[in-house]
Q: 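Below you will find the structure I want to go over with you.
First listed ligand is number 1; within each ligand, the first listed atom is number 1.
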Amino acid sequence: MHQDIDKILLSQEEIELKSAELARQLKVDYEDKQPILLGLLKGSTMFMADLMKHLDIDLQIDFMDVSSYHGTSSTGDVKIVKDLDLSVRGRHVLIAEDIVDTGRTLEKVIELLKHRGAITVEMVTMLDKPEARIAPITAKYIGFTIPKAFVVGYGLDYNEKYRNLPYIGILKQAVYLENE
Ligand code: IMP
């Protein structure tokens, strides 16, 4: 697995320090809001665990699994594979994401949560790839801004592999070419 990585972009230590820092910020902003911390499966799982460990406030967690259908439409559409268990009506929702890329998935999820009566919907993402953005989405809390490269590790996959890497790295080109 490690031999497939061209370059480590963010080390385990850098990521751990950043998630603790983000949690400190969130603690101040959400201390009295009893938020729902919502993870989007499967990429956000490691980030969720790191955030939760450091976020010692009253909160509930939930998960959603959505898949995007971009097709020919420029806005794309989203299919809910697994919905939340909790109701978001009257709640403050904080979506935890591994990476914001085109922003199309998040745009649809935010629209849905607001439609269901969430009071506020904000996003916390470990990685932001602003150059790839199509939908007008801005996460309020961002770990690292990265260039438009395909990254794996810390929950992020290529063909469902590499999610368990504790760091974030750029895959060797040969790995893509093998699969083409
Ligand atoms: P988008 O912002 O709707 O385009 O989709 C974001 C999702 O695409 C993320 O939650 C990831 O699952 C996936 N994704 C985007 N960029 C990368 C990447 O560089 N590596 C792995 N997955 C990615």
Q: Does even one non-hydrogen atom of Leu127 get within less than 4.0 Å of ligand 1?
A: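 In this structure, Leu127 fails to qualify as a contact of ligand 1 - no heavy atom is under 4.0 Å.
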
Q: Indicate the atoms forming the closest heavy-atom contact of Ala96 with Leu37, along with that distance.
A: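 Residues Ala96 and Leu37, closest heavy atoms: CB-CD1, 4.3 Å.
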
Q: Please determine whether a side-chain nitrogen of the Lys or Arg among Lys18 and Glu21 lies less than 4.0 Å from a carboxylate oxygen of the Asp or Glu.
A: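 Yes, this pair counts.
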
Q: Which of the atoms of ligand 1 are close to Asp157, meaning less than 4.0 Å from one of its heavy atoms?
A: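 In order of numbering, the contacting atoms are 21 (C).
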
Q: Number the atoms of ligand 1 from 1 as they appear, then name those within less than 4.0 Å of a heavy atom of Ala149, with their elements.
A: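 It comes down to these atoms of ligand 1: 19 (O).
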
Q: Under a heavy-atom criterion of less than 4.0 Å, does Gly43 contact ligand 1?
A: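 It does not, in that no heavy atom of Gly43 comes within the 4.0 Å cut-off of ligand 1.
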
Q: May I ask you to check whether Gly103 has an N/O atom sitting below 3.5 Å from an N/O atom of ligand 1?
A: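 Between Gly103 and ligand 1 (N or O atoms, distance only) the closest approach is under 3.5 Å.
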
Q: Rounded to the nearest 0.5 Å, how far apart are CG of Asp56 and CD of Glu31?
A: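 Spacing of CG (Asp56) from CD (Glu31) equals 7.5 Å.
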
Q: At a 4.0 Å cut-off, with the gap strictly under it, does some heavy atom of Val151 reach an atom of ligand 1?
A: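 True for this residue.
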
Q: I'd like to know if Asp98 pairs up with Lys42 as an ion pair, taking the criterion as any Lys NZ or Arg NE/NH1/NH2 lying under 4.0 Å from an Asp or Glu carboxylate oxygen.
A: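 The answer is no: the pair does not qualify as a salt bridge.
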
Q: Given Thr105, Asp101, Asp98, which one has a non-hydrogen atom that is nearest to atom 3 (O) of ligand 1?
A: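 Considering heavy atoms of Thr105, Asp101, Asp98, the nearest to atom 3 (O) of ligand 1 sits in Thr105.
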
Q: Is Val152 in polar range of ligand 1, meaning some N or O pair under 3.5 Å apart?
A: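 No; every N/O pair is 3.5 Å or more apart.
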
Q: Mark up the atoms of ligand 1 that fall under 4.0 Å of a heavy atom belonging to Glu97, in ascending order.
A: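 Near Glu97, the atoms of ligand 1 are 10 (O).
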
Q: Scan Thr145, Leu106, Thr138, Ile142 and name whichever one has a side chain to side chain contact (heavy atoms under 4.5 Å, CB included) with Val100.
A: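 Among Thr145, Leu106, Thr138, Ile142, the one meeting side chain to side chain contact (heavy atoms under 4.5 Å, CB included) with Val100 is Leu106.
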
Q: Fit a plane to each ring of Phe150 and Tyr158, take the angle between them on a 0 to 90° scale, and name the class: parallel (under 30°), tilted (30 to 60°) or perpendicular (over 60°).
A: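 Taking Tyr158 first and then Phe150, their aromatic rings stand perpendicular (interplane angle over 60°).
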
Q: Within the structure, is a non-hydrogen atom of Ala132 found at a distance of less than 4.0 Å from ligand 1?
A: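 Ala132 does not count as a contact of ligand 1 under the 4.0 Å cut-off.
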
Q: Would you please determine whether Lys129 falls within less than 4.0 Å of ligand 1 on a heavy-atom basis?
A: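 In this structure, Lys129 qualifies as a contact of ligand 1 - some heavy atom is under 4.0 Å.
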
Q: Out of Ile168, Ile5, Asp4, which one pairs with Val152 under the side chain to side chain contact (heavy atoms under 4.5 Å, CB included) rule?
A: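 Testing Val152 for a side chain to side chain contact (heavy atoms under 4.5 Å, CB included) against Ile168, Ile5, Asp4 leaves exactly one candidate, Ile5.
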
Q: Taking the side chain as everything from C-beta on, heavy atoms only, tell me whether Met123 gets closer than 4.5 Å to Ile110.
A: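 Side chain of Met123 against side chain of Ile110, heavy atoms only: contact under 4.5 Å found.
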
